[in-house]
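Everything on this sheet refers to the single structure shown next.
Below, each value reflects all heavy atoms present in this structure, side chains not excepted, and no hydrogens, waters or symmetry copies.
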Amino acid sequence: MSAVWERKLADRSQLAALVRQWRAAGEKIILANGCFDLLHVGHVRYLRAAKALGGKVVVALNSDSSASAIKGEGRPRLPQLERAEILAALQDVDAVTIFDELDVRELVRTLRPDIHAKGTDYTAENVPERDIVIACGGRVAIVGDPKDHSTTELLRHSQWRKS
């Protein structure tokens, strides 16, 4: 693993300390989350749009167990550490953490992000963590391009299917 990759991956306590440092330096904290199984252009555009909000982008990555619970049998296709390493390689991503829960409510309580960035498959009103984000003083932003890309569709129409 590269030094950059190792610097960007953080457990919850390391991430909380990093967020405190960034805040002390005047940075906004933007939280994005998802499974990011088989990274595609929709993911890249989502994270680029999150970064464009102005601040440090923390990506909360669903663990293998939580991704499987959300996406179903056979998912994720890539193990969590590989997905985390790919995300950490993106210039728009400042930190990556892996979480086991089905949503990021607990992480929102810990980090208290200024902005919780969600993709266009949501509205500001139906983001599952919206209530916690607002209670912690943040706001929800819907970012990225229209939901024209998905790993599920990519797998359905590709040769990458599992036998």
Hey, does Cys136 have a side-chain heavy atom less than 4.5 Å from the side chain of Ile132? yes
Can a donor-acceptor pair be found, under 3.5 Å and without considering hydrogens, that links the side chain of Gln80 to the backbone of Ser63? no
For Gly119 versus Ile142, what's the shortest heavy-atom pair and its separation? O-CG2, 3.6 Å
What's the spacing between Arg77 CZ and Arg83 CZ if we round to 0.5 Å? 12.5 Å
Check the hydrophobic clustering (I, L, V, M, F, W, Y; side-chain heavy atoms under 4.5 Å; chains of links allowed) and say if Leu9 and Leu47 are grouped together. yes
Nearest heavy-atom contact between Cys35 and Asn62 is N-OD1, 3.4 Å
When you group the ILVMFWY residues by side-chain heavy-atom contacts below 4.5 Å and let the links chain together, are Val58 and Ile115 in the same group? no
So, for Gly42 and Asp145, which heavy atoms are closest and what is the spacing to 0.1 Å? CA-OD1, 4.1 Å
Any heavy-atom pair between the side chains of Val140 and Tyr122 that's under 4.5 Å? no
Would a single hydrophobic cluster contain both Leu111 and Val59, if residues Ile, Leu, Val, Met, Phe, Trp and Tyr are joined by side-chain heavy-atom contacts under 4.5 Å? no
Minimum heavy-atom distance Asn126-Thr123, with the two atoms named: OD1-N, 2.8 Å
Chi angles and distances behind the side chain to side chain contact (heavy atoms under 4.5 Å, CB included) call for Phe36, Leu78: CA-CA 9 Å; Phe36 298 96; Leu78 294 178; over 6 Å; no
Looking at CD1 of Ile30 and CZ of Arg139, how far apart are the two atoms once the value is rounded to the nearest 0.5 Å? 8.5 Å
Is there a continuous path of hydrophobic side-chain contacts, each under 4.5 Å between heavy atoms, that joins Leu15 to Leu81? no
Any luck finding a side-chain donor-acceptor pair between Asp100 and Ser66 under 3.5 Å? no
Residues in side-chain hydrogen bond (donor to acceptor under 3.5 Å, both in side chains) contact with Gln14, at least two apart in sequence or another chain: none
For Leu53 and Ala117, the nearest pair of non-hydrogen atoms, with its separation, is CD1-CB, 4.3 Å
What side-chain donor-acceptor pairs closer than 3.5 Å can you find for residues 87-97, not counting sequence neighbours?
| residue | atom | partner | partner atom | Å |
| --- | --- | --- | --- | --- |
| Asp94 | OD1 | Lys51 | NZ | 3.3 |
| Asp94 | OD2 | Lys51 | NZ | 2.6 |
| Asp94 | OD2 | Val57 | N | 2.7 |
| Thr97 | OG1 | Ala10 | O | 2.7 |

Sequence neighbours left out, what passes side-chain hydrogen bond (donor to acceptor under 3.5 Å, both in side chains) with Arg12? Give chain and number order. Glu101
Under 4.5 Å between side-chain heavy atoms, counting indirect links through other Ile/Leu/Val/Met/Phe/Trp/Tyr residues: same cluster for Val143 and Ile29 or not? no
Taking all non-hydrogen atoms of both residues, which atom of Ala84 and which atom of Leu61 are closest, and how far apart? N-CD2, 3.5 Å
Side chain to side chain contact (heavy atoms under 4.5 Å, CB included) between Glu129 and Lys118: does it pass, once the steps are laid out? CA-CA 10 Å; Glu129 306 85 5; Lys118 294 294 280 186; 4.1 Å; yes
From CG (Asp37) to NE2 (His43), nearest 0.5 Å: 8.0 Å
Kindly compute the distance separating NZ (Lys56) from NZ (Lys28), expressed to the nearest 0.5 Å. 13.5 Å
Run Thr110 and Val19 through side chain to side chain contact (heavy atoms under 4.5 Å, CB included) and show every step you take. CA-CA 10 Å; Thr110 300; Val19 165; over 6 Å; no
Would you mind reporting whether Val127 and Val133 have side-chain heavy atoms less than 4.5 Å apart? no
Could you measure the distance from the NE2 atom of His40 to the OH atom of Tyr46? Nearest 0.5 Å is fine. 11.5 Å
Hey, what do you get for CZ (Arg105) to CZ (Phe99), rounding to the nearest 0.5 Å? 11.5 Å
